[in-house]
There are 2 protein chains.
Amino acid sequence: MRYFVAVAEELHFGRAAQRLGIAQPPLSRAISQLERRLGTTLLERTSRTVSLTEAGSVLLREGRAALEAVEAAERRTRRAALATTGQAGVVLATKAGASDELLAKLLDAYASEPGAVTVDVLLCAIGEQERLLRDGRADVALLHRPFDSTAGFDTEELCTEGQVVVLPAGHPLARRTHLRMADVTELPGLPMPRWPCRDGTYPDGPGPQVRDHTQLTQLIALGRACAVLPESCRAQLRDDLAAVPVPDAPAVTTVIAWPPQSRSRAVAGLVRAATRL
Amino acid sequence: MRYFVAVAEELHFGRAAQRLGIAQPPLSRAISQLERRLGTTLLERTSRTVSLTEAGSVLLREGRAALEAVEAAERRTRRAALATTGQAGVVLATKAGASDELLAKLLDAYASEPGAVTVDVLLCAIGEQERLLRDGRADVALLHRPFDSTAGFDTEELCTEGQVVVLPAGHPLARRTHLRMADVTELPGLPMPRWPCRDGTYPDGPGPQVRDHTQLTQLIALGRACAVLPESCRAQLRDDLAAVPVPDAPAVTTVIAWPPQSRSRAVAGLVRAATRL
DNA sequence: CGCGTCGATACCGGCGCGGTATCGCCGCCC
DNA sequence: GGGCGGCGATACCGCGCCGGTATCGACGCG
């Protein structure tokens, strides 16, 4: 399975073999065996190019999920072992620089519960939380719909908030009481930045590429970009930035999410504390 | 992993080995290897009894999920291969005898979409749909909250309905305009039946054991039980049965559910058709 | 106290995985 | 157009791991 995913991602037997740390011939054979076992061709190969069949792309998607599931199983077991010896607590993943006060309140509320264990907070780059949660490096995460996908997790809604546009403090529009999306998407000289896609590449477009909130606020302060963000970001706004409400931007819901199988005592406690906020 | 799950379920190396079709010594060795690889003891064994450690029960839960994920990957790939040759469509799982009219409308609506493929409907026993969906035998399912767990699936709500109590037509309470839960939970001679748990065993209690709606309606008609069911069951009620609304019973929501990774064209089409109903 | 049960250990054989060597195909470039 | 180079497939070999049988050690029970 690991072999197939590697080949399907590289679309090149040689490179895939290298990545897997094996030689190319065993890899060819393994793929043929897999194809024979499933009774289908998964890869269409000419001697110059390799491409996925329909069945192959299904297996790529499902196989990735399966691999993540076994990794998660191993990791969570290891951590459960540490937890019994008291050497580890529960890992919470959250976006760096988002939902700060909510997070603080949550940690406070949970810490005051009886039987609370230590919570290791993992600050993530954009879109990283889902993977951490899926592959067992994190036990629970704070996600923001509709930006993050909650597919495959159990979730509980925590709060919903409107969005604001963040501008350099001196910008002419910064004194307005509110703006519409149409006003801010095409600001001359202040393009919206581009966030990385799930595969790490950036979409085409005019804006600068950013990876986290620090980069973003810096760019805005420099007058090179603007951004539409959840209201709660105002609490941590530098004083050279200004925020103006954008009523017609989609509302952002912060949810607490956890993998459906792993409702441990610690995760259940965190969720309970979160819903009581 | 399969080996560990077998031992953890049997709590007996000999029986587990038999179930796996191998001898006992290789099984012992495999488990020890797994424990060494994870750096933890998973099973506490005296020479008379085997029991799970904390880490072991985590691995049992997560390992089952992982095994189901790889089974699902294989099955879905095989079916994707068949689908390209036009030999198979999409499989929809639903509870036998529930949501009949909704199902009919859904199938009609989807069939009239352009590019619709054939839908194989799989009528399931209680609680079976989740497993079918998880292990790849089904692509999409109709579930009923709060009875079925939607953990780990993407869902879309279709409709919510109240519940009614189903009684023999001649029963004194059958003429009432409504009843409360308190009125029907302890009816003399008409106990609520017992449904199987996820592991196939039945909880202790007074009522008869039932596995599907046919058994249930037969028992009610015989005057040996009563049941609280969603309103929509009235449409298919035999005329020797009567239904009385129970306003304080929890509302039942019918949802369409699918595995988060597998948003194929066909599944997406069904979901779209469902939400338009 | 001996017997039966159960998991662990010891040892052996065969299959499968991974390695090297080589072939066949085909696009590219001189 | 022909030689070259890159790439996947095939052939063949050796070793490690898995699964088997035989046996041991622990322990509950009559």
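The structure presented is a predicted model; accordingly, all values stated were derived computationally and were not measured. Each chain gets a letter, A, B and so on, in the order the sequences are listed, and its residues count up from 1.
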Presence of salt bridge, [Y] and [X], under 4.0 angstrom:
| X | Y | value |
| --- | --- | --- |
| Arg131(B) | Glu68(B) | no |
| Glu128(A) | Lys95(A) | no |
| Arg64(B) | Glu9(B) | yes |

Among [options], the one nearest [X] by side-chain distance:
| X | options | value |
| --- | --- | --- |
| Phe13(A) | dG18(C), dG7(C), dA9(D) | dA9(D) |
| Arg29(A) | dG18(C), dT20(C), dG8(D) | dG18(C) |
| Ser28(B) | dG18(C), dA8(C), dG19(D) | dA8(C) |
| Gln33(A) | dC17(C), dG19(D), dA10(C) | dC17(C) |
| Ile22(A) | dG7(C), dG8(D), dG19(C) | dG19(C) |
| Arg45(B) | dA8(C), dG19(D), dA9(D) | dA8(C) |

Atom-to-atom span, [atom1] of [X] to [atom2] of [N] - whole angstrom:
| X | N | atom1 | atom2 | value |
| --- | --- | --- | --- | --- |
| Leu34(B) | dC18(D) | CG | P | 12 Å |
| Arg37(A) | dG16(C) | CZ | C1' | 14 Å |
| His12(B) | dA8(C) | NE2 | P | 12 Å |
| Ile31(A) | dC17(C) | CD1 | P | 12 Å |
| Gln24(A) | dC17(C) | CD | P | 16 Å |
| Leu27(B) | dC18(D) | CG | C1' | 12 Å |
| Leu20(B) | dC18(D) | CG | P | 14 Å |
| Glu10(B) | dG7(C) | CD | P | 11 Å |

Chi angles and distances behind the side chain to side chain contact (heavy atoms under 4.5 Å, CB included) call for Trp258(A), Leu92(A): CA-CA 10 Å; Trp258(A) 63 97; Leu92(A) 183 149; over 6 Å; no
Residue met sooner reading DNA chain C from 5', once Pro25(B) and Arg15(B) are mapped to nucleotides: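 Between the two, 5'-proximity favours Arg15(B).
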Closest-nucleotide ordering on DNA chain C, the 5'-leading residue of Ala30(A) and Thr46(A):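 It is Ala30(A), whose closest nucleotide lies nearer the 5' terminus.
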Contact nearer the 5' end of DNA chain D, comparing Ala23(B) with Thr49(A):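 Upstream on the strand: Thr49(A).
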Heavy atoms from other residues, nucleotides or ligands near CZ of Arg224(A) exceed 12 (cutoff 6.0 Å):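 Check fails, neighbour count at 12 or below.
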